[in-house]
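Input: a single structure, listed below in structure tokens.
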2 protein chains.
Amino acid sequence: MATMKDVALLANVSTATVSRTLVKPESVSETTRLRVEQAVIETGYKINSQARSLRRNETRTVVVVVSDIDNPFYSEIIKGIEQEAVANDYLVVLGDASQQERDRIYSELVYTRQADGLILLGVPLPKPLKAKLNSSLPPLVMACEYEPDRKLPTVGIDNRAAAKEATEYLIKLGHHRIGCVTGMGDNPLTVCRLQGYKEALAATNIPFDEQLIVAEAYNPDGGSNAMRYFHSLAEPPTAIFCHADTQAIGVLHQARSLGISVPEQLSVMGFDGLPIGSYCFPTLTTILQPRVELGRVTMQSLMDSMKGLPARDRLLPHELIIRGSVAMR
Amino acid sequence: MATMKDVALLANVSTATVSRTLVKPESVSETTRLRVEQAVIETGYKINSQARSLRRNETRTVVVVVSDIDNPFYSEIIKGIEQEAVANDYLVVLGDASQQERDRIYSELVYTRQADGLILLGVPLPKPLKAKLNSSLPPLVMACEYEPDRKLPTVGIDNRAAAKEATEYLIKLGHHRIGCVTGMGDNPLTVCRLQGYKEALAATNIPFDEQLIVAEAYNPDGGSNAMRYFHSLAEPPTAIFCHADTQAIGVLHQARSLGISVPEQLSVMGFDGLPIGSYCFPTLTTILQPRVELGRVTMQSLMDSMKGLPARDRLLPHELIIRGSVAMR
DNA sequence: TTGTATGCGTTATCAA
DNA sequence: TTGATAACGCATACAA
């Protein structure tokens, strides 16, 4: 494998000149540049990124820690991140945090100098970083999830407003008993979206009923569970608002199994706007999150942060997508 | 940021001893080890991976180039790769090749010393590597795709046998006119699976009809297109075998739009065994590929290759999953 | 415009 | 068992 030394030898210049030619071509003379460029081709020289990074003290790599790579919601976000990263000469290391300890492993890469910054995708702040909250955190952006404790730079949509809009739409169509399937645990998304749901109810004087709220995982099984629960109620809801399309898919499936027809007997509203929603039966009414754009903006935000600029929150627009799973009561 | 020097100073030893303590603790005396370990904690020292890699001339990083990260088929494979990688102290860089030039960019990482090996996931051999086919390729494994030209180490299922099995199942249920939705272009998977399809027909003396073969992208739109095409035929098929579940989803959707009920009027068979298949309407009969295991084995194979061991092909078992989208003719 | 020399942080060799 | 030293490949300060 050729090094700069080989190139320098062939071009009859010093390695310093080779380096300059590659980094700042306008700082060397025309003839030297051509000679070096020729030598680079002839030797098949490729730069050793390790050495360059060590010297420059930067890696031009960012880590994306995603809560579950298998969740289709994230794949397009990752695509957006990747697009923006490559366009700016960054590399993306992808960490799946669905396994124990992975968030820790991946967030440490910043400290072992394998990455310059960190993106958390639906992942709470990992423990080792939590300890440093007060002192100095590495460049870091959270996407699609708000850290409840402290204020960390975040990119996402206005979840409260979006949930309110979704609920309002159901109310407008005559629904008063609206089931709500949230995420699990102390997920900040749950809090925001639940608040929007409550606000919509309150604005129309519909009493809030704790029985109509159920926490489930963001996947079809979670939706199935929720549907079974709602069905067991003395007075089941006439509409269900899921905090994720993946849950809505499970609701649709389970409703079918129970012989409940959607949207005739039950309206189902999703959240996220996954492509698969257009292929569900019935097609899924939902809130669209601009996922690719979310990814791009997240990466931009991180690059700002890595440049030392103050990272600010970014709120992107959402959109109510009306399809076939919601109907008049 | 603390370096070995800081640790050495605090522990009153040389940096060489610090290095030894970290790499080969049994090679230093008990007391030194304890002193060094203490100093590591006190300084908050983290190793600089760049420097280590430069010195050791290895990165412990592998690149996974995936044809489209948005295709759910790959996400579990990636998960398997990641599991095996982390378990063996490797890092995974993920490259999405759905954009122009990306396969080139990512495969070059091996040459710029940012990765030790390469996994191609549904991606043909990138150009820069094709040029070196005869000479020395870097450690490389292809997953779920066979390189037609040359023999490269590959991990996957027996696509021919699996397709044959799927087709035989349809034939057994009385179907004679079986549509086949393949992948696009000169995809090697298309060739293998089409061959299995043909073999099954031939074994039962069903004549092969070119009209019943249609090439489409591995996504729902591809399936929709195919369904429309089959519907336009003078004598449409009574069953459709899709080379991907994602296509089958589009077929199901389009059939619904056309008022064709599945499986009563039309049987639909998928391929891959994606989780979503259990939530389709009707639930999808399909061929299960052991995706996580495929990922693990692929990574194992690559690690063999990086150790200099001869990489051998690996064939993993598939399974026919009978659900609700296929019925007797 | 170019070359010399030095250092980035680590590890391997060699000698003590 | 330990330390001094050199080297991995590159980029920069400084001198020429």
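Going from atom CG of Leu22(B) over to atom C1' of dG9(C) covers 12 Å, rounded to whole Å. Atom P of nucleotide dC10(D) and atom CZ of Arg113(B) are separated by 10 Å, given to the nearest angstrom. Rounded to whole Å, atom P of dT12(D) lies 10 Å from atom NZ of Lys24(A). Computed from coordinates, the Lys46(A) NZ to dG9(D) C1' distance equals 17 Å when rounded to whole Å. As a whole-Å value, the separation of Arg35(A) CZ from dT1(C) P is 14 Å. In this structure, Met1(A) atom CE and dC8(D) atom C1' are separated by 15 Å, rounded to whole Å. Across the protein-nucleic acid pair, Asn57(B) atom CG and dA12(C) atom C1' stand 13 Å apart, rounded to whole Å. Atom pair Met4(B):CE and dC8(C):C1' shows a separation of 14 Å (rounding to whole Å applied).
Positionally, the nearest nucleotide of DNA chain C for Ser27(A) lies more toward the 5' end than for the other of Thr15(A) and Ser27(A). Between Leu54(B) and Arg20(B), the residue anchored nearer the 5' end of DNA chain C, judged by the nucleotide with its closest heavy atom, is Leu54(B).
For the pair Arg113(A) (side chain) and Asn48(B) (backbone), a donor-acceptor distance under 3.5 Å is absent.
Within 4.0 Å (heavy atoms only), Ser29(A) reaches sugar-phosphate atoms of the nucleic acid but no base atom. Using a 4.0 Å heavy-atom criterion, one finds that Val18(A) contacts no nucleic acid atom at all.
A salt bridge between Lys127(A) and Asp103(A) is absent, with no side-chain N of the basic residue lying under 4.0 Å from a carboxylate O of the acidic one. Between Arg33(B) and Glu30(B) there is a salt bridge, with a side-chain nitrogen of the basic residue lying less than 4.0 Å from a carboxylate oxygen of the acidic one. Under the 4.0 Å criterion applied to side-chain N and carboxylate O atoms, Asp272(A) and Arg291(A) are not assigned as salt-bridge partners.
Taking side-chain N and O atoms only, Thr17(A) has a distance below 4.0 Å to OP1 or OP2 of dG3(C). Between Thr3(A) and the phosphate of dC8(D), there is no side-chain N or O to OP1/OP2 separation shorter than 4.0 Å. The phosphate of dC8(C) (OP1 or OP2) has no side-chain N or O of Arg56(A) nearer than 4.0 angstrom.
The listed nucleotides are dG9(D), dT10(C), dT1(D); the one nearest the side chain of Thr32(B) is dT1(D). Ranking dG3(C), dG9(D), dG9(C) by closeness to the Asn48(B) side chain, first place goes to dG9(C). Distances from the side chain of Tyr45(A) to the nucleotides dC10(D), dT1(C), dA4(D) place dC10(D) closest.
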Problem set entry | side-chain hydrogen bond (donor to acceptor under 3.5 Å, both in side chains) assessment of Ser301(B) paired with Thr298(B) | CA-CA 5 Å; Ser301(B) 191; Thr298(B) 300; over 6 Å; no
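A donor-acceptor contact under 3.5 Å links the side chain of Arg55(B) to the base of dT11(C).
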